[in-house]
Amino acid sequence: MSECRSFADRDQLDQALADHIAARLRSDIEARGSASLAVSGGGTPRLMFRRLAQCELAWSRVWVTLVDERWVDPDSEESNERLVRENLLQERAAQASFVGLKGDSADAGDSVQVIASDLAAIPLPFSMVVLGMGNDGHTASWFPQADNLPALLDPDGQATVAATHPVTAPHQRITLTMPAVLNSAEIALYITGEEKRGILASAAQHHHPVAAVLAQTRTPVITWWAP
Ligand code: 6PG
């Protein structure tokens, strides 16, 4: 059973998670001279990103990347890169180095090698990986009906990043794989609302992809939640 930190409201949750991430980054900067953070997109993290961007730490020593990306132009409103650039890579955090996951090819699969070599610049293990969760129990871009879901979830797979067709959601995706996500000092599973809390509670029973993160024992997972 993973630890769950619950808050009275989203404002308190966002501040506490931003402070926790900042503390992790500071401690890795002190211990190894650099820190790295992989974040998810979607609607949940926007205000938390703004809080994190204000935290005081040596951002020039921090690498930021995405857990997953929709295969859309980086200017699109659906781009996770745009979300991160507009909300996290601002203020103090504007000094961080960012590695995006959107390549130039029409098909996401044709850019996987280039993206994997871009990601290789990031110091690992990640200081922290922040995951979200959809109402279908997906996390990262590990969608329940994707053909390559077993490969994405294989903790012993060789690939760090892969393309996938979600089937039940728009756009091709590019996503970190399970072993890449687990290569982190800690994972935050960041969700809000009663509905998602219920979905998470029954994730194992329904074989939702997110259940694989909770079931593994390699990397500590903390669920961060507010109504
Ligand atoms: C994406 C995400 C995805 C997200 C969940 C939750 O690009 O879709 O990275 O995994 O974390 O879908 O999204 P919401 O926060 O919008 O509910």
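Indexing begins at 1, ligand by ligand and atom by atom, following the structure's order. Both backbone and side-chain heavy atoms feed into the values below; hydrogens, waters and symmetry mates do not. This structure is a prediction, so every number in the text was calculated from the model and none was measured.
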Q) Is ligand 1 less than 4.0 angstrom away from at least one heavy atom of D68? A) yes
Q) Considering only protein heavy atoms, which is closest to atom 12 (O) of ligand 1, and at what distance to one decimal place? A) H138 NE2, 2.8 Å
Q) Just distances here: any N/O of A140 and N/O of ligand 1 closer than 3.5 Å? A) yes
Q.
In this structure, does ligand 1 have an atom that sits under 4.0 Å from one of the heavy atoms of K196?
A. yes
Q: If you have a sec, work out which protein heavy atom is nearest atom 14 (P) of ligand 1 and how many Å separate them, to one decimal?
A: G43 N, 3.5 Å
**Q.** Parallel, tilted or perpendicular, as decided by the 30° and 60° cut-offs, for the rings of F7 and W224
**A.** parallel
**Q.** G41-ligand 1 polar pair, N/O distance under 3.5 Å
**A.** yes
Q: Report the nearest protein non-hydrogen atom to atom 6 (C) of ligand 1: residue, atom name, distance rounded to 0.1 Å.
A: M133 O, 3.4 Å
Q. With a 4.5 Å limit on heavy-atom distance, are the side chains of D110 and D107 in contact?
A. yes
Q: Check whether V167 and L152 end up in the same hydrophobic cluster, where Ile, Leu, Val, Met, Phe, Trp and Tyr are linked by side-chain heavy atoms less than 4.5 Å apart.
A: no
Q: Please step through side chain to side chain contact (heavy atoms under 4.5 Å, CB included) for the pair L189 and W225, ending with a clear verdict.
A: CA-CA 8 Å; L189 180 55; W225 178 86; over 6 Å; no
Q: Looking only at distances, please establish whether an N/O atom of ligand 1 is found under 3.5 Å from an N/O atom of R173.
A: yes
Q | T44 neighbourhood, listing ligand 1 atoms whose heavy-atom distance to it stays under 4.0 Å | A | 14 (P), 15 (O), 17 (O)
Q: Look only at interatomic distance and state if S141 has a nitrogen or oxygen under 3.5 Å from any nitrogen or oxygen of ligand 1.
A: no
Q | Protein heavy atom at shortest distance from atom 11 (O) of ligand 1 | A | G132 CA, 3.4 Å
Q: For ligand 1, find out whether one of its N or O atoms is nearer than 3.5 Å to an N or O atom of T139.
A: no
Q: Step by step, work out the side chain to side chain contact (heavy atoms under 4.5 Å, CB included) result for V67 and L101.
A: CA-CA 9 Å; V67 168; L101 298 185; over 6 Å; no
Q.
Let me confirm one number: the CE-CG distance from M48 to L13, rounded to the nearest 0.5 Å.
A. 8.5 Å
Q | Exercise: do T175 and D68 side chains pair donor with acceptor under 3.5 Å | A | no
Q) Can you tell me which residue and heavy atom of the protein come closest to atom 8 (O) of ligand 1, and the distance to 0.1 Å? A) R70 NH2, 2.9 Å
(Q) Is a donor from one side chain sitting under 3.5 angstrom from an acceptor on the other, for D11 and Q15? (A) no
Q) Can K102 and D118 be said to form a salt bridge (charged side-chain N to carboxylate O under 4.0 Å, His left out), step by step? A) CA-CA 11 Å; K102 174 66 175 69; D118 291 349; over 6 Å; no
Q: Would you confirm whether R61, through its side chain, and G33, through its main-chain N or O, come within 3.5 Å as a donor-acceptor pair?
A: yes
Q.
If the cut-off is 4.0 Å to any non-hydrogen atom of N80, which atoms of ligand 1 fall inside it?
A. 1 (C), 7 (O), 9 (O)
Q | Shortest protein contact, atom 13 (O) of ligand 1 (heavy atom only) | A | G42 CA, 3.9 Å
